[in-house]
Amino acid sequence: MVPAGRVVTYGQVARAVGVPTAARQVGFVLHGLAPEAEVPWQRVINASGGISTFKIGLGELQSALLEHEGIVFTGDRVDLRRYRWQPPTDLAS
DNA sequence: CTGTTGACCAAGG
DNA sequence: ACCTTGGCCAACA
């Protein structure tokens with residue numbers, strides 16, 4: 001789960017699940033789940049911090065949702081260094 | 001089964 | 001900062 005006001009990259013998620021090579025499939029799956037999914041697909045963006053969904057028409061929704069969560073868009077992308085969610089390490093909880 | 005495409009990523013020019 | 005190349009895995013024609 002990704003906390004509100006945070007974002008994660010596809011590659012990051014891919015690695016998180018143990019399949020660093022399947023970043024594309026992450027997006028592909030999300031595409032299938034998007035409309036009725038309970039998952040915060042809106043917080044999943046590409047490694048450039050940009051909205052990948054602009055090309056498929058969800059960009060407007062995406063940006064709106066993220067802005068709604070408090071994320072500021074720097075032009076057509078967000079500040080990853082600031083909004084990127086870091087996966088929980090079982091090292092220090 | 002083969003070839004192309006895709007909500008991607010990292011590296012090199 | 002932008003484009004190209006290689007890689008990865010799954011869905012489609």
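Below, chain A is the first sequence line, B the second, and so on; all start at residue 1.
Here B:dA7 presents its P atom at 14 Å from CH2 of A:W41, a figure rounded to the nearest Å. Between the CG atom of A:N46 and the P atom of B:dG6 there is a distance of 16 Å, given to the nearest Å. Rounding to whole angstrom units, CG of residue A:L33 and P of C:dA11 are separated by 12 Å. Separating the OH atom of A:Y10 from the P atom of C:dC8 is a distance of 22 Å, rounded to the nearest angstrom. Between the P atom of B:dA7 and the CD atom of A:E60 lies a distance of 17 Å, rounded to the nearest Å. The CD1-P distance, from A:I51 to B:dC8, rounds to 11 Å in whole Å. Rounded to an integer number of Å, the gap from CG of A:L30 to P of C:dA10 is 15 Å. Rounded to an integer number of Å, the gap from CG of A:D76 to P of C:dA1 is 11 Å.
Among the atoms of the strands shown, none is found under 4.0 Å from any heavy atom of A:A14. No engagement by A:S48 is indicated, since no non-hydrogen atom pair under 4.0 Å with the nucleic acid exists.
When the side-chain nitrogen and oxygen atoms of A:K55 are compared with OP1 and OP2 of B:dT5, none of them lie within a distance under 4.0 Å.
Here the nucleotide nearest the side chain of A:R15, chosen from C:dC8, B:dC8, B:dC9, is B:dC9. Distances were taken from every side-chain heavy atom of A:R24 (C-beta onward) to each of B:dC9, B:dA7, B:dC8; the shortest belongs to B:dC8. Minimum atom distance to the side chain of A:A22 is reached by C:dC9, of the listed B:dC9, C:dC9, B:dA7. Taking the side chain of A:A47 as heavy atoms from C-beta on, and the options B:dA10, B:dG6, B:dA7, the nearest nucleotide is B:dA10.
Nearest-nucleotide positions on DNA chain C place A:T21 closer to the 5' end than the other of A:T21 and A:F28.
In A:E60, the CD atom is not crowded: 12 or fewer heavy atoms of neighbouring residues, nucleotides or ligands sit closer than 6.0 Å.
How far CD of A:Q86 is from CD of A:Q12: 8.0 Å, rounded to the nearest 0.5 Å. A distance of 14.0 Å separates NE2 in A:H31 from CD in A:Q25, rounded to the nearest 0.5 Å.
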Show your working on side chain to side chain contact (heavy atoms under 4.5 Å, CB included) between A:Y83 and A:I45 and close with a plain yes or no.
CA-CA 11 Å; A:Y83 295 112; A:I45 57 178; over 6 Å; no

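A:F54 and A:F73 end up in the same hydrophobic cluster when Ile, Leu, Val, Met, Phe, Trp and Tyr side chains are linked at under 4.5 Å.
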